[in-house]
2 protein chains.
Amino acid sequence: MKKTEKASLAPIDPANQQTIDPYHERILNAARELFKASGLENVSMYSIAKQAGIGQGSLYRRFTDKGEICSALLRDSTGRFLTELEREAQSSNADDPALQRLQNSIEQVVDFIDQHAELLHLIKSEFVGKKQLTQFEHPFFRRVNVIFTELLSQAAENGEIVNIDPHFTVTALLSVLSPDLYLYQQKAHQSTKEDITQGILTLFIDGLVRKKR
Amino acid sequence: MKKTEKASLAPIDPANQQTIDPYHERILNAARELFKASGLENVSMYSIAKQAGIGQGSLYRRFTDKGEICSALLRDSTGRFLTELEREAQSSNADDPALQRLQNSIEQVVDFIDQHAELLHLIKSEFVGKKQLTQFEHPFFRRVNVIFTELLSQAAENGEIVNIDPHFTVTALLSVLSPDLYLYQQKAHQSTKEDITQGILTLFIDGLVRKKR
DNA sequence: TGACAATGCGGACAATTGTCCGTAGACTAA
DNA sequence: TTAGTCTACGGACAATTGTCCGCATTGTCA
């Protein structure tokens, strides 16, 4: 068998966390083409392997399901988005009240979901379906969780908000930020991005502000 | 072929909406046995058909997936619960403020989810996975939705709460009442039913009460 | 350079889902 | 009773997922 381009799994370039694996790119390119041609739902793992010109074993060794392929397709923009979100939430505007920064972060996340709702939805479906996990355990939500929890805890310490359990509240917030709900609100109530943002802020910002009766 | 007990699909007893279909019960009994023996996850539709002693076609004609079988297994208790919930929300305690009745209803729903979390979770998974629908479109959530929307709208009319979009808010509330989140809160934060109820009420009752700054 | 170990590719295969259709039995009318 | 129609049963079959293992290729060491 000719194997001039044999993929090697081990070597990792530590500089950018990128595996030097020619198959990796071939798989993602194949997936991109098929997704574009037939839509996310109508593409099977088998056909992706075929399109990439590799065996199924080689495909499954790298991606256990379509969700992971979608994650990889989104990885760059997701990574950039989260890094920027963390930066904004922490360092910059450090003089703003924590609740104000939380509101900004929520708005950013809604923006991101709005842009990638369909892919995120599939990622989530595969993730919870195959891995017996909830969406909250997905790396993306985990990172957002850390950011939100930090901001909400700060807001609580500063007495900006009523007495709550930050962990519960953040999980509830993430639940409301699920792509599921976003797509449903658009479909069922023709809600715009602004409608949805407003609804979330009412519940999780205005609703938590400490007020007197 | 001997067919003394051939199932007939059409005849429906209008009195109790119950199909007179011997296969129906045989399938549910088979499923109950297998579920008990091997756990929800490890039972295939094929094995249920085998256990019931019928062909796969006959099984799929009645239940398109395991979620529907679970729904059927829960149907009686679900039906009773929803009927009671509707009764309480509407007629009785009609003099209570709507927001108070909403709080009661939420507590009831949390109770119900607490009792049936695992089955509900599987029903939901199958429902959203196979049917391209969101959990909000499931009959159970639809009926709860109607109840909650009515109560919230009443509360809004009576000026009990701040200005909100009842449809959005109820969907968000249902999202937070998802079995997913319930199981996750238990697993990740060792939350009790009371913790979770309290968290939800803080967001959706206290947070919406009209107050002045 | 040849022997031997390690890697990982690829496709055969088992398991499962969901569809489809030939056909047995039930029903109806003459 | 018979002929014709209809229902729906059951299992063959196609499609897909995920696993496993024989074997080719690469690397190592003498």
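This structure is a prediction, so every number in the text was calculated from the model and none was measured. Below, read A as the first sequence line, B as the second, and so on, with proteins coming before strands; counting in each chain starts at 1.
- In the set dG18(C), dC9(D), dG18(D), dC9(D) carries the atom at the smallest distance from any side-chain atom of R62(B).
- Contacts of residues 40-57 of chain A with DNA chain C (heavy atom under 4.0 Å): I54(A), G55(A), Q56(A), G57(A).
- D65(B) contributes a side-chain N or O that, together with a main-chain N or O of E68(B), makes up a donor-acceptor pair within less than 3.5 Å.
- The CG atom of D65(B) sits 16 Å away from the P atom of dT16(C) (whole-angstrom rounding).
- Rounded to whole Å, atom C1' of dC9(D) lies 16 Å from atom NE2 of H24(B).
- Listed pair S58(B) / dA8(D) fails the phosphate criterion, with no side-chain N or O lying under 4.0 Å from OP1 or OP2.
- Note that the CZ atom of F141(A) and the CG atom of L133(A) stand 13.5 Å from one another [nearest 0.5 Å].
- Judged by distance alone with a 3.5 Å cut-off, a donor-acceptor contact links the side chain of R61(A) to the base of dG10(C).
- Proximity of a side-chain donor or acceptor of T171(A) to a complementary backbone N or O of H167(A) within less than 3.5 Å is detected.
- Across all strands shown, K66(B) has no heavy atoms under 4.0 Å from either base or sugar-phosphate atoms.
- Look at CD on E126(A): it is 11 Å from C1' on dT17(D), rounded to the nearest Å.
- E126(A) contributes no side-chain N or O that, together with a main-chain N or O of L122(A), makes up a donor-acceptor pair within less than 3.5 Å.
- Rounded to whole Å, atom P of dC9(C) lies 11 Å from atom CG of L59(A).
- Looking at E150(A) and Q154(A), their side chains do bring a donor and an acceptor atom within 3.5 Å of each other.
- At whole-Å resolution of the value, OH in Y60(A) and P in dC13(C) are 18 Å apart.
- Atoms NZ (K131(A)) and C1' (dT17(D)) sit 14 Å apart, rounded to a whole Å.
- Looking only at atom types and distance, the side chain of N29(B) has a donor-acceptor partner in the side chain of R32(B) under 3.5 Å away.
- Put simply, the side chain of D195(A) gets close to the backbone of T192(A): a donor and an acceptor are under 3.5 Å apart.
- Protein atom CZ of F63(A) is 16 Å distant from nucleotide atom C1' of dG18(D), rounded to whole Å.
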